[in-house]
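Note that the structure is predicted; figures quoted are calculated from it, not measured. Worth knowing before you read on, the calculation uses all heavy atoms, side chains too, and leaves out hydrogens, waters and symmetry mates. Within every chain, numbering begins at 1; the chains are lettered A, B, ... in the order of the sequence lines, protein sequences first and strands thereafter.
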Amino acid sequence: MEYPEIDAYASMDSPIHRFDPRAKIVSFTLLIFSFVFVNEIRIALLGFLFSFLILLISRLPLAFALKRIRMVFFFLFPLLLVMPLTVEGREVLNITGISVSFDGLIFASLIIIRALAAVTLALIMLATTRFDITIKALYALKVPGTLVQMLMFTYRYIFVITDEFSRMWESMECKGFRLKANYHGLSIFGNILGMIIIKSYDRTRRVYESMVAKGYSGKPNTLVHLHMSTKDYVLSTCMVGIAIFVHVYQLMFTV
Amino acid sequence: MIGAVEAIRVKGLSYSYSDGTKALEDIDLTINEGEKVVVVGPNGAGKTTFFLHLNGTIKNPGGDVWVFGKKISDLKIEERIHQVGVVFQDPDDQLFMPTVFDDVAFGPVNMGLDEKEVEMRVHKALSKVGLEDFEEKVPHNLSYGQKKRVALAAVLSMEPRVLVLDEPTANLDPKSRADFINLIIDLNEIDGITTIIAMHDVNALPALADRVYVLNKRVVAEGSPREIFSDWSLLKENSLEAPDVFKLFKVLNCFGYSSDDLPLSFDEAVEILTRTIEGTEGHIHLHIHEHTHKEISDVMNSYNHHRNGKE
Ligand SMILES: Nc1ncnc2c1ncn2[C@@H]1O[C@H](COP(=O)(O)OP(=O)(O)OP(=O)(O)O)[C@@H](O)[C@H]1O
Ligand SMILES: [Mg+2]
């Protein structure tokens with residue numbers, strides 16, 4: 001079974017991997033917000049190039065990163081086709097009465113470039129830290145406990161549930177079941193999903209019982225050992241600086 | 001035992017699940033400190049349900065459970081988990097934290113221990129179960145046997161005085177099974193932890209039991225492993241089995257081999273055989289009489305209830 005492992009390359013070594021996870025989360029989040037709110041296409045492009053540069057520095061295998069970034073691109077690609085037709089603006093082409101607008105084209109590109117920059121950054125952030133450490137960093141950053149616990153359990157049990165699903169699927173295939181898009185196939189598929197939900201519900205109860213057996217009383221309980229060094233401060237200051245600079249620059253540019 | 005300390009005392013415990021399933025009826029039992037007790041019973045007999053009462057996970061106003069003389073409902077959480085630790089059947093249910101370290105540290109952190117102490121206990125518990133370098137591992141990358149051992153470590157780190165294990169040997173390979181059994185025996189004999197175990201694995205039972213309770217909604221019988229395994233009708237009525245060696249020696253008895261003690265384990269069998277053969281000048285005598293066949297088929301029928309349906 002292939003797991004959806006985002007942190008498969010977390011044990012590599014690079015300046016980004018060595019970046020303190022708390023500082024990483026804060027600076028990357030700021031950068032993401034900063035890039036997403038840019039509304040000048042040239043600056044957005046610079047932001048994207050910057051994200052890509054960080055991707056190179058992080059030494060994550062490009063195939064691994066591109067596979068995920070590509071999905072976002074395919075998801076947003078239709079905008080490039082739709083927006084030039086729907087957004088009012090300077091006309092570049094007129095195909096038999098349908099006008100293709102330049103502004104629509106620019107606007108669609110802006111959205112896509114911003115999204116790609118944000119996704120690249122988010123990917124680097126998550127892929128260069130082991131997920132359990134990301135969770136601990138969130139906890140250390142005083143993100144609300146319920147939220148952290150939800151993330152934690154999702155991460156822990158997504159694998160158990162994937163295994164459960166694939167075991168059920170295999171046993172159905174062994175009994176000759178082939179998924180077809182007809183009434184029978186879909187209703188069986190629905191049954192499986194239902195079973196997964198019931199099993200998960202049962203499991204939730206047992207997990208809760210075993211948590212109570214270990215004295216759980218509602219607080220997430222872990223020990224967090226993270227230490228910021230000078231280089232973490234320098235690196236995060238640079239990144240926050242870039243996040244702010246982008247907007248200052250944009251103000252000067254547009255005024 | 002004289003002067004023994006009562007570790008667990010249960011009186012008149014009954015329990016029904018919310019859907020009406022009657023799981024336990026009027027359970028009475030006492031387990032002393034330092035004892036090794038095994039609870040046997042068919043599937044659905046209520047063993048797991050009973051264990052959930054021992055650490056207060058199921059809150060049951062209708063039954064009384066005392067732990068070292070205190071009512072379990074009166075204990076504070078930290079106290080309760082320090083007295084009784086339960087290792088459940090499925091390790092995936094018990095390893096819910098992102099890493100092995102966090103899982104083993106979970107109990108101690110809840111007990112309010114300081115960081116140094118928590119870390120020390122995690123190291124100690126993991127080395128007890130033979131997984132020293134596993135702290136940073138993620139549970140989903142462990143094998144089933146390793147998960148089982150981490151689950152045990154996660155309970156040992158709370159340093160409980162009573163250790164309750166639900167089917168510890170199920171699904172383990174022979175080596176892991178033997179290791180796990182020896183580990184439990186060591187915990188009992190060296191660390192003085194009282195162990196209460198539910199298991200279907202009768203061949204491993206004698207090593208883990210000073211005393212056996214047969215549970216089938218109610219306590220059906222209580223006694224030493226030898227007493228329980230000698231009671232044919234008891235075993236049959238409760239869908240239980242005797243160890244293979246024990247049954248084999250029963251058959252040998254029909255062939256005229258005479259020994260007072262029937263062995264419960266392989267090692268014991270070797271020992272007894274050696275002793276008898278030495279005592280009878282170097283050989284034993286087996287024979288077949290007319291009534292032998294009848295006796296053997298009686299023995300077979302009394303134990304092999306899984307074949308009865310076909311006969
Ligand atoms: N959450 C639940 N809700 C309703 N009924 C339950 C629940 N859990 C167990 N039962 C029922 O209670 C009875 C006792 O179950 P329990 O799990 O305690 O048996 P067990 O002796 O541990 O069995 P096994 O050897 O199969 O593990 C069974 O009839 C079972 O169906
Ligand atoms: Mg059970």
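- Neither the backbone nor the side chain of A:Tyr208 comes within less than 4.5 Å of any heavy atom of chain B.
- Side-chain atoms of B:Asn110 and A:Met211, non-hydrogen and from C-beta on, never get closer than 4.5 Å to each other.
- Side-chain contact between B:Val138 and A:Arg130 is present, with at least one heavy-atom pair separated by less than 4.5 Å.
- Between chain A and the residues B:Asp93, B:Asn55, B:Asp90, the largest count of heavy-atom pairs under 4.5 Å involves B:Asp93.
- Of all heavy-atom pairs between B:Ile81 and A:Val212, the closest is CG2-O, 4.3 Å.
- A 4.5 Å side-chain heavy-atom check between A:Lys214 and B:Gln94 finds at least one atom pair inside the cut-off.
- Heavy-atom distances place both the backbone and the side chain of B:Phe96 under 4.5 Å from chain A.
- The neighbour count for B:Lys217 NZ, taken as heavy atoms of other residues, nucleotides or ligands under 6.0 Å away, does not exceed 12.
- Remark: the backbone N or O of B:Phe106 is not paired with any side-chain donor or acceptor of A:Tyr216 at under 3.5 angstrom.
- Put simply, CD on A:Glu164 and CG on B:Asp92 are 8.5 Å apart, with the number rounded to the nearest 0.5 Å.
- Interface remark: B:Glu136 contributes backbone and side-chain atoms alike to the contact with chain A (heavy atom separation under 4.5 Å).
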Inset, instruction - Just do the side chain to side chain contact (heavy atoms under 4.5 Å, CB included) check on B:Asp102 and A:Lys136 with the steps written out, would you? - result: CA-CA 10 Å; B:Asp102 295 322; A:Lys136 284 190 179 174; 2.8 Å; yes

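- Looking at B:Ile58, neither its backbone nor its side chain comes within 4.5 Å of chain A, counting heavy atoms on both sides.
- Within 6.0 Å of OH on B:Tyr17 lie more than 12 heavy atoms contributed by other residues, nucleotides or ligands.
- Using a 4.5 Å cut-off between heavy atoms, B:Ala151 makes no contact with chain A at all.
- Heavy atoms closer than 4.5 Å to chain A are found in the side chain of B:Val118, but not in its backbone.
- Atom NZ of B:Lys70 has 12 or fewer neighbouring heavy atoms from other residues, nucleotides or ligands inside a 6.0 Å radius.
- No side-chain heavy atom of A:Glu209 sits under 4.5 Å from any side-chain heavy atom of B:Val86.
- The neighbour count for B:Asp133 CG, taken as heavy atoms of other residues, nucleotides or ligands under 6.0 Å away, does not exceed 12.
- Surrounding CE of A:Met150 are at most 12 heavy atoms belonging to other residues, nucleotides or ligands under 6.0 Å away.
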